[in-house]
Each structure stands twice: as structure tokens, then as C-alpha cells.
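Single-structure report; data block below.
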2 protein chains.
Amino acid sequence: MSTDDPKPRRALTLNDIAALAGVSRSAASRALDRKAPVKGPKADRVRQIAAEHGYVPNAWAANLRRQRTGLIGVVVSRLTDTPMAMIYEAVVEQAAARGYQAAVVSTDDDPRKALERGRLLLAQRVDGFVLTTARTDGADPFLLELQEQGVPYSLVMRTDGTGPAALTDDVAGGGLATRHLIEHGHRRIAYVGGPLYASSSQNREAGYRRAMEEAGLPVPPELVHHSDFSIDAGVDVGRRLLALADVPTAVFTANDSLAIGVMFAAQRAGVDVPGRLSIVGYTDTPIAARLSVPLTSVNVPFDALAADALDLLLADGGDRPAAPRLSDPSLVVRDSVAAPHR
Amino acid sequence: MSTDDPKPRRALTLNDIAALAGVSRSAASRALDRKAPVKGPKADRVRQIAAEHGYVPNAWAANLRRQRTGLIGVVVSRLTDTPMAMIYEAVVEQAAARGYQAAVVSTDDDPRKALERGRLLLAQRVDGFVLTTARTDGADPFLLELQEQGVPYSLVMRTDGTGPAALTDDVAGGGLATRHLIEHGHRRIAYVGGPLYASSSQNREAGYRRAMEEAGLPVPPELVHHSDFSIDAGVDVGRRLLALADVPTAVFTANDSLAIGVMFAAQRAGVDVPGRLSIVGYTDTPIAARLSVPLTSVNVPFDALAADALDLLLADGGDRPAAPRLSDPSLVVRDSVAAPHR
DNA sequence: CTGAAAGCGCTTACAG
DNA sequence: CTGAAAGCGCTTACAG
């Protein structure tokens with residue numbers, strides 16, 4: 001209704017500030033320069049006026065001129081997945097420490113969405129990408145596009161097997177978890193993985209298989225399942241495992257959500273955890289310690305992962321390291337593992 | 001080491017495409033126009049060449065010229081908080097449906113960080129803000145800055161009491177939860193809230209108090225606690241509640257994390273849920289259904305909230321509605337409530 | 001439909 | 001230290 005518009009619709013520009021301060025646009029720009037601000041009374045006046053008016057430079061104009069944005073594009077599967085949110089927040093912090101800003105996009109692990117939303121970031125001319133969505137099946141058109149266009153990127157948490165990657169040693173982590181179960185006397189141990197294209201799940205499985213083999217334990221096919229990383233997938237697989245003629249006495253899962261699902265299935269079926277079923281999770285999310293049976297889990301150092309991913313991305317000195325950077329996972333022992341019932 | 005750089009360092013520009021197609025920059029621009037692409041053989045050729053080369057227009061340059069970005073700034077406390085991640089993902093979807101893109105920033109509920117990171121979004125000249133971090137204590141310099149500069153915004157989930165807001169009817173939700181407990185025969189019911197400045201927590205408490213009063217039940221001060229929205233806060237308050245001389249038989253919490261914490265404290269103390277302690281949570285996050293005792297919780301319609309927030313923001317037709325838009329919460333009954341033990 | 005021209009808001013050699 | 005000028009990559013009246 002009101003035709004009067006008391007608020008300024010248009011944001012202040014550098015020209016406005018310069019005029020207010022009675023200097024040229026160039027002088028104003030230099031006075032407000034982040035890295036090498038000019039000294040002198042005129043410059044002080046510019047800064048004072050800018051602060052008074054809450055002047056915020058137009059980043060788009062500045063970046064266009066500078067030919068760099070200081071923006072890192074982050075691609076995640078979904079932010080409602082706690083580990084993804086944790087890695088993203090870690091990247092934000094690490095990026096800020098290096099003078100960069102992060103812009104995120106989620107793909108639901110759908111290559112089409114990845115391409116569509118990744119391009120939105122490409123349009124913003126981010127200086128590089130950190131991808132948490134790498135696949136080993138090659139079905140990632142967005143990654144191909146980045147490679148074709150020579151856009152710097154690094155992979156974190158998951159790898160496609162070739163790109164520069166910041167990972168935890170998932171094989172070692174899988175071994176840690178599995179040996180912990182073996183040491184408690186378990187011989188029939190199941191593995192519950194995530195999607196087949198996720199290297200994290202593959203390597204945790206490889207660590208599991210190696211530990212089983214070293215202990216001389218068989219890994220029959222009915223003990224290994226793959227699905228996605230959700231709680232409901234855990235419930236599902238958990239029920240199938242408990243319906244087996246020879247029910248396993250322990251389960252190692254590729255993440256905590258799967259473990260929570262398995263634990264739920266067990267408790268619903270009246271199977272005591274850890275009395276009748278021991279469980280070890282992975283990623284050690286905050287809720288793990290607060291479950292009815294606190295979950296033993298493999299801790300992932302998110303800050304180190306994020307730091308490595310950014311170092312890899314920003315190094316970009318012509319040649320990238322072929323081998324991934326590996327952080328060490330560690331086992332956090334809580335209450336979800338006991339000796340097998342006999 | 002390698003001095004040859006086979007990949008193009010610089011992204012293709014419209015000029016490149018125009019040259020390749022043998023047309024003027026203007027013609028190329030119009031051929032690639034999203035809304036009203038020009039027809040004709042030359043335009044077809046431009047589009048083909050652009051597609052072949054994976055040309056992605058520089059959004060910064062385009063936005064600078066257009067004087068709008070199509071970007072919505074979203075401010076959340078932290079993405080590792082599941083309800084926050086859910087509201088953000090919902091805003092992304094709703095924004096996309098309206099032709100907008102979302103850019104997010106997290107503040108840790110720290111007004112200083114909010115100002116600092118909010119300005120990053122301001123520098124990007126987002127067309128408006130959706131804020132989940134409103135406070136009733138007025139301690140939000142960033143919101144003041146938005147108001148001073150006349151930048152459109154809407155509040156979601158929480159309100160400061162004055163700004164345009166998309167909320168659930170938290171008073172009603174608090175009543176739903178509390179009456180559910182009363183109907184099961186509880187008389188000594190505790191409330192566990194979040195931070196004092198969060199209207200969501202205040203209103204859920206108000207609903208609780210009203211329901212208690214209507215049932216003629218007293219609310220002694222030792223039954224009402226405030227902290228933050230974390231699991232650990234729930235554990236803490238849960239322990240204090242269980243240490244009371246006259247332990248409550250039921251607890252209503254302002255979110256699911258607090259409920260999970262209270263449940264953990266109870267189970268650790270050997271207090272059966274719901275046998276000895278009934279619990280009702282709020283926001284109905286995915287894990288609620290998969291806890292050892294599936295949690296009865298008040299469901300929040302995130303999609304509706306996000307839609308309302310964007311409508312409010314984008315309407316911006318001079319005058320904004322004074323009253324907040326309210327969505328209806330609903331009670332999801334699961335297994336965490338039973339009649340009080342006698 | 002087409003092209004030439006102007007301009008969005010900045011930064012940065014250039015010359016003083 | 002200062003200002004005048006050029007230009008980043010686009011879009012959009014303007015004239016044909």
C-alpha cells in the first residue's frame with residue numbers, strides 16, 4: 001500500500017563512498033583494500049565513511065575484475081547426512097583459515113543432479129572444487145566436465161581411484177574394527193556396506209576381508225551386504241542378517257547410521273546388543289556415544305581430511321600427487337561389543 | 001614440473017563462443033538466453049557450439065549487468081544440527097522451484113560470526129535472506145544491518161517477534177505434546193528447553209505451561225530447564241531431573257536431540273523408558289523412529305515452512321504481513337510414552 | 001532476426 | 001600518496 005520507500009533499494013557502491021569522501025573511485029578502492037590498505041588522512045576518511053554507511057563491496061564486480069573469486073565449491077551428497085555436514089563444516093573452517101570461502105551444493109548422489117548443480121558453482125567461477133561424491137564406477141559426468149575444462153579439484157572421503165584425494169585409511173579402519181571383534185572371540189562376523197560405487201565402503205570391506213582372512217575366518221556371501229548409508233538400510237539388512245539360519249554374532253558397518261539401523265533391528269527382535277550381537281560402526285558421529293548401547297566406532301578426523309583436501313586443491317602446482325593423502329582412523333571403544341554368547 | 005599446460009586455464013567466454021559461431025556477442029547472448037532464446041539457424045549454431053565446448057556463462061558478469069543475482073542467502077546456526085540441515089535442504093528445493101538458488105552460511109548461534117559471515121552473503125548481493133537464527137533478545141547486529149539497508153528477509157523456525165516469519169505453531173505443538181502426557185495420567189511433567197533467546201523453545205514452553213494450567217497441574221521451577229539444543233545438554237538436564245527428590249514421571253523436550261539425551265541419561269541410570277519415565281520430543285527427525293525406544297515427537301512440516309519463508313521473502317510487495325505464517329505441527333505417537341508407574 | 005554501443009561495480013597498471 | 005583510464009564478461013535498449 002505504502003508508496004513511499006524509506007529504505008534504500010540499491011546497495012551503496014564504491015562511487016557513492018568516493019563521492020561522500022570527496023576522493024576518486026581509485027583512491028577509495030585502495031583505502032578499502034583488504035591486503036594493502038593505503039595510509040593517510042583521506043584514506044582514513046574513506047574508511048570511516050564506509051563503516052558508517054555499512055558499505056559492503058560488491059564481490060561479483062570485484063571478482064570479475066580480479067579474475068578470481070576466492071570461492072571453493074563443495075559438492076556433497078546430502079547435508080542431512082551427519083558425516084557430510086561435518087566434512088562440510090570442516091571445509092568451511094579450513095577454507096576460511098586459508099582466505100577462501102566455501103559454497104556448497106548437494107546432489108543426493110544423483111549424477112544428473114550433480115551435473116546440474118555443479119554447473120551452478122562453475123557459473124560462479126569457483127577457484128576449485130572439493131568433492132565428497134566420487135564414484136568408482138566412472139558414472140560422474142560432472143567430474144569429467146571438470147577434468148575437460150581443467151578446473152582444479154580434490155576428492156575427500158571417497159575417491160574415484162585416480163583423482164587427487166584426501167582420505168582416511170579405510171582399509172586400516174576396517175581392519176581395526178574387524179580385529180576388535182575377532183579379539184573378542186567372534187568368528188561369524190557380517191559386513192554391512194554402503195553403495196557399491198563408494199570407495200569408502202569398498203575399502204572398509206577390504207579391511208574387513210583381510211582381517212578375516214588373516215584370522216583364518218571364512219566370509220560366506222550371506223554375511224556381506226550393500227545398500228546405501230541410511231538408517232533404514234541398516235534396519236533392513238539387520239533383519240535379513242537376523243533371519244539367517246546361522247545368525248552372525250557380530251556386525252561391522254560402513255557407517256554409524258547403518259549401525260544404528262542394525263542395532264534397532266536387533267533390539268526390536270529381542271536380540272540383546274552386545275550380549276547376542278556385537279556391533280561396530282564407522283565415522284564416530286556425535287550420537288554414537290549417546291545410543292542406548294553406546295556404539296563402538298571408528299573415528300574419522302574430519303579436520304585433517306578437510307585440511308588435506310584444501311592443500312591438495314590449492315597446491316595445484318602443475319603436477320598433483322598420484323597417491324591419495326591418508327589420515328589415520330582410530331577405534332573408539334564403547335559398549336556395543338562383547339564376547340559372543342555360547 | 002611439467003611446464004606444458006594442456007588444459008585451458010581460463011574458462012570460455014561469450015566472446016569465444018560468438019567468434020567460434022561467427023556472430024556478434026549480442027547475438028550469441030540472445031541465442032543462449034534462458035527465458036526468451038532467439039530462433040533461427042545462426043542461433044542454433046551458437047547453442048550447438050556452446051554445448052560442445054561446455055560453455056557455462058559467468059554468473060558474476062551476468063548478475064552484475066542484470067542487477068540481480070537470483071540468490072537467496074540462508075543463515076543457519078549449524079548444519080550438523082539435523083533440523084537445520086533439513087530446513088536448509090527444503091529451502092534449496094523450494095527456491096529452485098521458484099527459479100532461485102540458495103547460498104548458506106552457518107553462525108554457531110554467535111552474533112559476531114553471523115555478522116561476519118552474513119556480510120559475505122551481502123557482498124554477493126543475494127536478493128534476500130532466510131534466517132533461522134532469529135533471537136528475541138535483540139542481540140543480532142546482522143539483522144539490524146539488513147533492516148538498515150532495506151534488504152528483504154524472512155525468518156523461519158524462530159522469530160524475533162517483529163520480522164516477517166514462517167513458523168510452526170509452537171504453542172499448539174507444546175500443547176499437543178503435553179496433553180498427550182497428561183492424558184496418559186502424568187501429573188509431574190518436566191520441560192527441557194533450548195536457549196532462552198529462541199522463540200521456538202519459548203513457545204513450546206508456553207504451550208506446555210498452558211496445557212499444565214488447564215489441567216490444574218503445578219509447574220514448580222525445578223521442572224523447567226533451559227540450555228542449548230544439543231544431545232549433551234539433554235543428558236545433563238536429564239541427570240539433574242533424575243536426581244530430584246520427587247522425580248518427574250514424564251519429560252517434554254524442545255527438540256529430539258534433547259530427548260535423546262534425556263533418554264540416554266535415564267537408561268544409564270537404570271530408569272526404564274517409558275515404564276518409569278515417559279518422553280516426548282520435538283521436530284520428529286529421522287532417527288526418532290529408530291531409537292531403542294522409538295520416540296514420540298511433534299512433527300514439523302519443513303517443506304511448508306520453507307515455502308512460506310520464500311513466499312514471504314519474495315512477496316515483498318511494499319508491505320509485509322505483521323502476523324507470522326503458521327504451519328500446523330502434529331503429534332507422531334510412538335513408544336516413549338506410557339502411563340506413570342505407581 | 002542482426003550488430004554496435006553502453007554500462008553494471010569493481011581493481012589495477014600507468015603516470016604524476 | 002593521488003586521479004584518469006581501461007577492462008573483467010556479460011545483457012539490453014537502440015537502430016536497422
Side-chain angles (χ1 to χ4, degrees), chain A residues 8-47 49-50 53-71 119-120 122-127 149, chain B residues 8-47 49-50 53-71 119-120 122-127 149:
Chain A
R9 289 290 321 151
R10 193 178 119 295
L12 283 175
T13 73
L14 185 61
N15 269 332
D16 298 327
I17 300 299
L20 252 21
V23 299
S24 73
R25 186 171 65 219
S26 339
S29 177
R30 284 183 293 246
L32 267 14
D33 190 9
R34 281 262 162 222
K35 5 215 34 163
V38 117
K39 297 168 199 297
K42 287 200 180 179
D44 286 340
R45 186 164 156 68
V46 169
R47 280 186 284 269
I49 288 177
H53 290 77
Y55 168 68
V56 180
N58 183 322
W60 300 77
N63 292 342
L64 183 60
R65 171 59 226 249
R66 284 202 197 98
Q67 293 288 83
R68 68 177 291 280
T69 59
L71 234 43
R119 277 184 180 158
L120 257 21
L122 227 26
Q124 292 187 25
R125 295 297 186 268
V126 297
D127 292 332
Q149 306 201 0
Chain B
R9 290 292 317 154
R10 194 178 119 294
L12 284 175
T13 72
L14 186 60
N15 269 332
D16 299 326
I17 300 299
L20 253 20
V23 299
S24 73
R25 186 171 63 220
S26 338
S29 178
R30 284 183 293 244
L32 267 13
D33 190 9
R34 280 265 162 219
K35 6 216 30 161
V38 117
K39 296 169 201 298
K42 287 200 179 181
D44 286 340
R45 187 164 156 67
V46 169
R47 281 187 283 267
I49 288 178
H53 290 78
Y55 168 67
V56 180
N58 184 322
W60 299 76
N63 292 341
L64 183 59
R65 170 60 225 248
R66 284 204 197 97
Q67 293 289 85
R68 68 178 290 281
T69 59
L71 235 42
R119 276 183 179 159
L120 258 22
L122 228 27
Q124 293 188 24
R125 296 296 187 266
V126 297
D127 293 331
Q149 306 201 1

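Convention: sequence-line order gives letters A, B, ...; per-chain numbering from 1. The basis for the numbers below is simple: all heavy atoms, side chains too, and nothing from hydrogens, waters or symmetry mates.
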- [ ] Rounded to whole angstrom, note down the P distance from C:dC14 over to C:dC10.
- [x]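 The same atom, P, in both gives a distance of 24 Å.
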Rounding to a whole Å, what distance do you find between [X]:[atom1] and [N]:[atom2]?
| X | N | atom1 | atom2 | answer |
| --- | --- | --- | --- | --- |
| B:Arg30 | D:dA13 | CZ | C1' | 10 Å |
| B:Asp33 | D:dA13 | CG | P | 11 Å |
| B:Ile17 | D:dC10 | CD1 | P | 9 Å |
| B:Leu32 | D:dC10 | CG | C1' | 11 Å |

Task: Opposite nucleotide pairing with C:dG3, Watson-Crick or G-U, both atom distances under 3.5 Å - done: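 Pairing partner, where one exists within any strand: D:dC14.
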Task: N/O donor-acceptor pair under 3.5 Å between A:Arg47 side chain and A:Ala31 backbone - done: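 Yes; judged by distance alone, with no hydrogens or angles, the pair exists.
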I'd like a list of close polar pairs between nucleotides 7-9 of chain C and the protein, N/O only, cut-off under 3.5 Å.
{"unit_1": "C:dC8", "atom_1": "O3'", "unit_2": "B:Gln67", "atom_2": "OE1", "d": "3.2"}
{"unit_1": "C:dC8", "atom_1": "O3'", "unit_2": "B:Gln67", "atom_2": "NE2", "d": "3.4"}
{"unit_1": "C:dC8", "atom_1": "O2", "unit_2": "B:Arg65", "atom_2": "N", "d": "3.3"}
{"unit_1": "C:dG9", "atom_1": "OP1", "unit_2": "B:Gln67", "atom_2": "NE2", "d": "3.3"}
{"unit_1": "C:dG9", "atom_1": "N2", "unit_2": "A:Ala61", "atom_2": "O", "d": "3.1"}

- [ ] Using a 4.5 Å cut-off on heavy atoms from C-beta on, say whether the side chain of B:Arg125 contacts that of B:Leu64.
- [x]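 The answer is no; the side chains never approach within 4.5 Å.
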Task: hbond_proxy B:Ser24 side chain to C:dA4 base (donor-acceptor, 3.5 Å cutoff) - done: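 Between C:dA4 and B:Ser24, which were checked side chain against base, a qualifying N/O pair under 3.5 Å is absent.
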Give me the atom names and distance for the closest heavy-atom approach of [X] to [Y].
| X | Y | result |
| --- | --- | --- |
| B:Thr13 | B:Asp16 | N-OD2, 2.8 Å |
| B:Ala28 | B:Leu14 | CB-CD1, 3.8 Å |
| A:Val126 | A:Thr69 | CA-OG1, 3.6 Å |
| A:Asp127 | A:Gly70 | OD2-N, 2.6 Å |

